[in-house]
Amino acid sequence: MVTIRIGLTGWGDHPTLYSDRTRSEEKLSAYASHFPVVEVDTAFYAIQPVSRYEKWLKETPESFSFVIKAFQQLTGHDREARTVQEAKDLMKRYEESIQPVWESGQVNALLFQFPPWFDVRKENIKKLRYIREWMEDYPLALEFRNRTWFDSNYYEQTLSFMKDQQWIHSICDEPQAGEGSVPRVLVPTHPEKTLVRFHGRNIHGWNKNGRKDWRKVRFLYKYNEEELQEWKEQVLKLEETTPEVTLLFNNNSGGDAADNAKQMQELLDIKYEDLNPRQMDLFNF
C-alpha cells in the first residue's frame, strides 16, 4: 500500500507534464498518469458543482485521491461577518458539493487554510471547534498562515489542541517572512494522516511588496537537490509516526512544482502503480 503520496496544487498549469496538443479538459486525465493525488484549488474560489466532481472522478483512477480546499468564505478570507448559523449553512453547501468524492472514498483531506490575519485568539479557536464539530466524519487538514499559533507561549497548546480535535497538520515549507508565515513544525497531529505543502522559499515575493504581479511571483522558487534531500529525511521520519503522508508542491510561479515533485519521488524511490495509462505519441521518436 502506498504510504507517501506526492502531487501538485492544481493540474492546469504544469507545461512539462503535457504535450502542446493537450486540451485543458484533458489535463486532469493526463496529470493522473504522473501523480496519485492532487489539490483542488478551484474549490477555494467557489463551491464547485457536484457534476464537476463527478466528471473529475471519471477522469482519474479509483486509487487517485483529492485534497479539496475549503471555500474561502469558510476560512474568513472575505472578511465578512457571519452568524454561526450562516456559517453552518455555508458549510452544508460545501459538504454537499463534495459528496461524489467522499462516497467514492477518494477524499485525501479537506484543507482549511486560514488567512494571515487568523491569529491565536479565543474566537478563532471557537471557530475551529465549530468546523471540526460540523465536519466530524471527514479528514480535515489545518494550515495556519499566522505564526502566533507557534509562538513559544502557544506552541504546545496549539499542537495539543490539533491532536485532541483530530486535525491533520498541514506542515508548511515556506519563506520566513514575518507574522504572515509559519515556521516548519514537523509534528504530526492526526493518527493516520499528515500533509506537507511546499510553497517555496521566495522571501521577497511572499508578502505584498508593492508589485502588481505579487501573486504571480509569490511561489517563484525551485528547490535544489540539497533542500529536497533534507526533506527526504524528514518525510521518512514523519512516515514512522503517520501511516499516510501526502506531499503537495505549490511552488509553481515559474513552473517548477512538477519537476520538484518528480525529483522527490525519485529521491524516495517511489513507483506508483494504478496511474492512468500514459498517452503515447506514435509519431514522436
Side-chain angles (χ1 to χ4, degrees), residues 2 5-14 17-18 22-78 80 82-115 127-128 130-143 166-168 170 190 192-193 195 197 244 246 248 250 252 272 274-277:
V2 175
R5 290 183 175 86
I6 301 173
L8 311 175
T9 57
W11 59 84
D13 191 25
H14 307 290
L17 298 183
Y18 314 119
T22 307
R23 299 195 304 272
S24 60
E25 63 271 21
E26 299 169 333
K27 283 186 174 177
L28 176 57
S29 179
Y31 172 97
S33 70
H34 294 272
F35 299 109
V37 62
V38 77
E39 181 179 300
V40 182
D41 194 43
T42 48
F44 173 79
Y45 298 101
I47 292 175
Q48 299 298 305
V50 167
S51 59
R52 195 158 293 161
Y53 286 110
E54 289 170 341
K55 175 179 179 290
W56 293 337
L57 287 168
K58 284 186 187 128
E59 293 167 358
T60 52
E62 287 177 14
S63 58
F64 193 85
S65 69
F66 297 84
V67 173
I68 305 173
K69 277 189 100 168
F71 179 41
Q72 60 182 339
Q73 290 180 13
L74 292 170
T75 48
H77 280 80
D78 61 346
E80 292 291 323
R82 287 181 180 80
T83 65
V84 172
Q85 189 57 50
E86 285 169 339
K88 191 176 183 180
D89 291 345
L90 192 60
M91 185 69 80
K92 195 74 193 156
R93 281 180 49 217
Y94 171 78
E95 183 187 1
E96 285 165 1
S97 76
I98 64 164
Q99 283 315 293
V101 192
W102 179 242
E103 286 163 13
S104 72
Q106 288 171 253
V107 171
N108 180 302
L110 306 179
L111 172 60
F112 284 77
Q113 178 195 295
F114 286 90
K127 181 170 185 170
L128 293 175
Y130 276 130
I131 292 170
R132 186 65 270 194
E133 182 189 321
W134 297 335
M135 302 292 279
E136 63 179 337
D137 295 336
Y138 297 87
L140 304 188
L142 175 54
E143 182 172 322
Q166 292 218 335
W167 282 98
I168 299 161
S170 176
H190 189 274
E192 290 168 23
K193 295 170 182 262
L195 184 60
R197 295 177 80 237
E244 281 182 52
T246 298
L248 295 171
N250 189 37
N252 205 46
Y272 294 115
D274 304 325
L275 296 174
N276 270 350

State, to 0.1 Å, how close [X] and [Y] come at their nearest heavy-atom pair, and which atoms those are.
X	Y	answer
Gly12	Tyr18	O-CE1, 4.3 Å
Tyr53	Ser97	CD1-O, 3.0 Å
Asn276	Pro61	OD1-CD, 3.4 Å
Asp137	Arg132	N-NH2, 4.4 Å
Ala109	Ile168	CB-CD1, 4.1 Å
Leu128	Trp167	O-CZ2, 3.5 Å

[X] side, atom [atom1]; [Y] side, atom [atom2] - distance, nearest 0.5 Å:
X	Y	atom1	atom2	answer
Ile98	Glu103	CD1	CD	10.0 Å
Lys127	Leu74	NZ	CG	7.5 Å
Thr83	Lys88	OG1	NZ	11.5 Å
Lys27	Thr22	NZ	OG1	7.5 Å
Phe114	Gln72	CZ	CD	13.0 Å
Lys69	Leu110	NZ	CG	13.0 Å

Sub-4.5 Å side-chain heavy-atom contact between [X] and [Y]:
X	Y	answer
Lys193	Glu244	yes
Tyr94	Trp134	no
Asn108	Pro139	no
Arg197	Gln113	yes
Tyr31	Leu8	yes
Phe44	Thr75	yes
Gln106	Thr60	yes
Phe66	Val37	no

- [ ] Starting from the C-alpha separation in whole Å, work towards a yes-or-no answer on side-chain contact (heavy atoms from CB on, under 4.5 Å) for Ile47 and Leu90.
- [x] CA-CA 9 Å; Ile47 292 175; Leu90 192 60; 4.3 Å; yes
Open item on the list: Does Val50 form a side-chain contact (heavy atoms from CB on, under 4.5 Å) with Gln99? I'd like the steps, not just the answer.
Closed with: CA-CA 7 Å; Val50 167; Gln99 283 315 293; 5.9 Å; no
TODO: Kindly determine whether Leu248 and Leu111 satisfy side-chain contact (heavy atoms from CB on, under 4.5 Å), including the steps that lead there.
DONE: CA-CA 12 Å; Leu248 295 171; Leu111 172 60; 5.7 Å; no
- [ ] Please answer whether the main-chain N or O of Ala46 pairs with a side-chain N or O of Gln48 as donor and acceptor at a distance below 3.5 Å.
- [x]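 Yes; judged by distance alone, with no hydrogens or angles, the pair exists.
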Task: side-chain contact (heavy atoms from CB on, under 4.5 Å) between Gln73 and Arg82, worked out - done: CA-CA 10 Å; Gln73 290 180 13; Arg82 287 181 180 80; 3.0 Å; yes
TODO: Using the six-membered ring wherever Trp is involved, compare the ring planes of Trp56 and Trp11 and label them parallel, tilted or perpendicular (cut-offs 30° and 60°).
DONE: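 Rings of Trp56 and Trp11: perpendicular, as their planes differ by over 60°.
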- [ ] May I ask you to decide whether Glu96 forms a salt bridge with Arg93, counting only side-chain N to carboxylate O separations under 4.0 Å?
- [x]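 Not counted as a salt bridge, because no side-chain N and carboxylate O are separated by less than 4.0 Å.
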